[in-house]
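The structure appears below as structure tokens.
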Amino acid sequence: MTLATHEAAGGLVAAVVAPLPAIGFVLAFLSHFALDAIPHWDYNISSLERNPADPLRNKVLFERGFRGDAAKVVLDCLIGLAVILLFHYLAALPLVPMLIGAAAGALPDFLQFIYFVFKAEPITSLQKFHVWMHATKRIRSALGGVVFQASVLAIIAFLVIYCR
Ligand SMILES: [Zn+2]
């Protein structure tokens, strides 16, 4: 899923256990894999050379549109932060635990990037788990994909805000 969705979901999950930020970090980190297991849409990363037969052989080609990809990722992260701030102001959810959760929610994809470049343990084992958890079915429509992720987030937000 997008980093914005992972950040917001991680932040929401961590808000549930706000007095225990370490637990919030772990739960938010794990929420990443649970969300990736749901079939979803992802934007194209042109500098990523995919190996459909073996995703563990995917690699980053820095000369192939990496700057544009980096800009997309930064924008994606900023949208996630904006959503976190929105939840903080509208639902009075605690900001610092949510920021920790947001970082933990997005962390697996940054570790995935490090794997694509360096391919070394212990990140290789984590990448195997990431690939194993990741849904193989994809939502192709960007609009449908965004609406779907926003809906998943709305359900998590509802559960967190009203059941806290
Ligand atoms: Zn992921």
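Values in this document were obtained by computation on a predicted structure and should not be read as measured data. As a basis for the values below, the full set of heavy atoms in this structure was taken, side chains included, without hydrogen atoms, waters or symmetry mates. Sequential numbering from 1 along the given sequence is applied to the chain's residues. Whatever order the structure lists ligands and atoms in, that order sets their numbers, starting from 1.
Under the 4.5 Å side-chain criterion, counting only non-hydrogen atoms from C-beta, W41 is not in contact with L143.
A donor-acceptor pair under 3.5 Å links the side-chain atoms of K72 to the main chain of N44, judged by distance alone. With hydrogens and angles disregarded, no donor-acceptor distance shorter than 3.5 Å links the side chain of D76 to the backbone of T2.
Nearest N, O or S atom of H130 to the Zn ion (ligand 1): atom NE2. For D36, the N, O or S atom with the smallest separation from the Zn ion (ligand 1) is OD2.
The two residues G65 and S47 have their closest heavy-atom pair at C-CB, 4.3 Å.
Considering the Zn ion (ligand 1) as centre, the angle to NE2 of H32 and to OD1 of D109 is 90° (10° rounding).
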